[in-house]
Amino acid sequence: LKKLSNQAVQNLQNPFTLVTEEYDGEKLQGMVEACCKLISDGVSVVVTKAASSDTAIQSDIFSPLKIPHIAVSATDPYLWNQNREYLLRLSAPDDYQSKAIYDLITHYKWREIIVLATSDSYGLNGMVKLQNKIFSDPSVKITDFIFPDADKCTAKDISQRLKTIQKSLVNVIVLNVEQEFGKCVLEEANNMGLMGSDYVWIVTDAIATHPDYLASNDGTFLSFYEGLIGIRTSLNDKGDKFMKVKDSYLSNGGKADDLTTYTILTYDAMGLIKAALTSATKAIDKQNIKCSSNRKVGIKEKQC
């Protein structure tokens with residue numbers, strides 16, 4: 001992420017200084033300290049790649065200080081509110097993902113499904129639109145909701161939850177969890193015989209955008225992952241602009257696998273900042289206002 005961000009600053013000839021802060025994604029204190037460090041460094045804009053729950057806390061820190069906060073990966077449809085007026089999101093909210101899942105279900109005439117989602121803001125809020133659409137459609141039924149604790153991804157706990165699926169006759173499951181939790185669920189589901197050809201698993205953007213999290217330590221994917229249906233934000237990876245960025249990134253030692261939807265949106269965020277600065281510069285009277293040449297942009301990434 002940092003490598004592509006630095007490339008964006010160079011390629012776009014952006015008139016600002018890029019500073020970066022990383023934090024341990026498992027520790028709230030570390031994230032708050034990283035936010036405070038960016039503020040003490042005097043950043044004017046912050047770009048973050050983090051889960052919606054982390055993004056909410058970050059925005060609660062930056063918005064009161066009137067620091068624009070660009071979130072590239074947060075998709076919680078209920079994330080923005082008046083107290084987070086300086087939050088800008090580059091990813092579509094999960095409402096659109098829910099519509100895509102609903103269209104998929106009705107296209108294949110699946111009549112019953114089970115929703116398995118973590119009991120946090122990502123899992124719960126991401127399924128509200130899907131739930132509402134299915135409740136208004138008598139031809140489709142959600143037979144069960146399974147909401148495991150996002151902090152309890154143990155084989156024992158997951159197996160207990162999956163017994164609901166095992167005892168039912170339903171074979172279409174929507175899995176809306178973060179990528180690490182998803183790997184835990186799918187591995188245990190395979191152990192219980194729930195990943196065979198009789199079952200359909202629809203995984204949402206956290207897993208579909210980061211499939212590398214499902215890989216084994218040697219980088220290989222186990223055969224039972226074959227057949228997963230993934231829903232993610234569309235990325236135009238055939239256009240001239242993308243190919244230009246990709247060629248430049250690879251020529252500087254980058255890897256093609258690094259160019260995911262969210263890293264490319266981070267690149268776009270740099271262009272957005274440049275456009276905003278250009279627009280602001282044209283709108284002011286340069287004779288009356290002196291602009292500092294030491295503009296800074298903070299970029300922060302969750303380390304998993």
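The structure displayed is predicted, hence computed values, not measured ones.
- Pairs passing the ring-ring contact (aromatic ring centres under 6.0 Å, His included) check and including a residue from residues 153-204, sequence neighbours excluded, do not occur.
- Annotation: side-chain contact (heavy atoms from CB on, under 4.5 Å) contacts of D258 (sequence neighbours excluded): Y249, K255.
- The structure places CD of E187 at 10.0 Å from CE of M195, a figure rounded to the nearest 0.5 Å.
- In terms of the side-chain hydrogen bond (donor to acceptor under 3.5 Å, both in side chains) criterion, residue partners of R232 (sequence neighbours excluded) are, by chain and number, T261.
- Taking S40 as the reference, K37 meet the side-chain contact (heavy atoms from CB on, under 4.5 Å) condition, with sequence neighbours excluded.
- Checked by atom type, the side-chain pair K163/Q166 shows no donor-acceptor distance below 3.5 Å.
- The minimum heavy-atom distance linking S98 with G126 is given by the pair OG-O, 3.0 Å.
- Contact check for T48 versus I70: no side-chain heavy atoms found under the 4.5 Å cut-off.
- Contact annotation: the side chain of V245 never approaches that of K241 to less than 4.5 Å [non-hydrogen atoms, C-beta and beyond].
- Applying the under-4.5 Å side-chain rule to Ile, Leu, Val, Met, Phe, Trp and Tyr, the cluster around L79 extends to W80, L87.
- M31 and I67 end up in the same hydrophobic cluster when Ile, Leu, Val, Met, Phe, Trp and Tyr side chains are linked at under 4.5 Å.
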Salt bridge (charged side-chain N to carboxylate O under 4.0 Å, His left out) evaluation trace for D103 with K99: CA-CA 6 Å; D103 289 344; K99 185 179 185 305; 3.1 Å; yes

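- Transitive grouping of hydrophobic side chains (ILVMFWY, heavy atoms separated by less than 4.5 Å) brings F224 and L175 into a common cluster.
- Note: the hydrophobic cluster containing L116 does not contain V128 (ILVMFWY, side chain heavy atoms under 4.5 Å, direct or indirect links).
- Every residue was checked against the salt bridge (charged side-chain N to carboxylate O under 4.0 Å, His left out) condition with D151, not counting sequence neighbours, and none meets it.
- Of all the heavy atoms in S53 and S121, the pair that sits closest is CB-OG, 3.8 Å.
- From I207, atom CD1 reaches atom CD of E180 across 9.5 Å, with rounding to the nearest 0.5 Å.
- For the pair E188/L162, a side-chain contact is recorded, criterion being any heavy-atom separation below 4.5 Å from C-beta on.
- For S63 and H69, the side-chain atoms include no donor-acceptor pair closer than 3.5 Å.
- Here side-chain hydrogen bond (donor to acceptor under 3.5 Å, both in side chains) pairs that include residues 124-136, with residues two or more places apart or in two chains, are D76-N125.
- Note that CG of D212 is 10.0 Å distant from NZ of K183, once rounded to the nearest 0.5 Å.
- L169 pairs by the side-chain contact (heavy atoms from CB on, under 4.5 Å) definition with nothing, not counting sequence neighbours.
- As a member of the Ile/Leu/Val/Met/Phe/Trp/Tyr network built from side-chain separations under 4.5 Å, V200 groups with I101, Y102, L104, I105, Y108, W110, I113, V115, L124, M127, L130, I134, F135, V140, I142, F145, F147, V172, V174, I202, I229, I231.
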Step-by-step side-chain contact (heavy atoms from CB on, under 4.5 Å) determination, T143 to S168: CA-CA 9 Å; T143 62; S168 74; 5.6 Å; no

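- Side-chain contact check for F62 versus I39: some heavy-atom pair is nearer than 4.5 Å.
- Shown here for V72 and T266, the closest heavy-atom pair between the two residues is CG2-OG1, 3.7 Å.
- Under the 4.5 Å side-chain heavy-atom criterion for grouping Ile, Leu, Val, Met, Phe, Trp and Tyr, L194 is connected to Y225 within one hydrophobic cluster.
- Remark: the backbone N or O of K109 is not paired with any side-chain donor or acceptor of T106 at under 3.5 angstrom.
- Contact record, V177 with A206: O-CB, 3.5 Å, taken as the closest heavy-atom pair.
- In this structure, the side chains of Q97 and N176 come closer than 4.5 Å at one or more pairs of heavy atoms.
- Rounding to the nearest 0.5 Å gives a distance of 10.5 Å between CD1 of I158 and CE of M192.
- Contacts of E33 classified as side-chain contact (heavy atoms from CB on, under 4.5 Å), with partners at least two apart in sequence or in another chain: Q29.
- Side-chain contact between T204 and D94: absent, with no pair of heavy atoms (C-beta onward) separated by less than 4.5 Å.
- Put simply, the side chain of Y122 never gets that close to the backbone of T75: no donor and acceptor are under 3.5 Å apart.
- Applying the salt bridge (charged side-chain N to carboxylate O under 4.0 Å, His left out) test to R89 and every residue at least two apart in sequence or in another chain returns nothing.
- The two residues Q58 and C35 come nearest to each other via the heavy atoms CG-SG, 3.8 Å.
- With contacts defined as side-chain heavy-atom distances shorter than 4.5 Å, the pair Y262/L90 does not qualify.
- Not one N or O on the side chain of D144 forms a donor-acceptor pair closer than 3.5 Å with the backbone of I114.
- A donor-acceptor pair shorter than 3.5 Å cannot be found between the side chains of D149 and S119.
- Judged by distance alone, with hydrogens and angles left aside, the side-chain atoms of T55 form a donor-acceptor pair with the main-chain N or O of A51 at under 3.5 Å.
- When hydrophobic clusters are built by joining Ile, Leu, Val, Met, Phe, Trp and Tyr residues whose side-chain heavy atoms come closer than 4.5 Å, directly or via intermediates, V185 is grouped together with L214.
- Taking all atoms of both residues into account, the shortest heavy-atom contact from I146 to P148 is O-CD, 3.3 Å.
- By the salt bridge (charged side-chain N to carboxylate O under 4.0 Å, His left out) test, D268 is found to be paired with no residue, residues two or more places apart in sequence or in another chain being considered.
- Atom CG of N236 has more than 12 heavy atoms from other residues, nucleotides or ligands within 6.0 Å.
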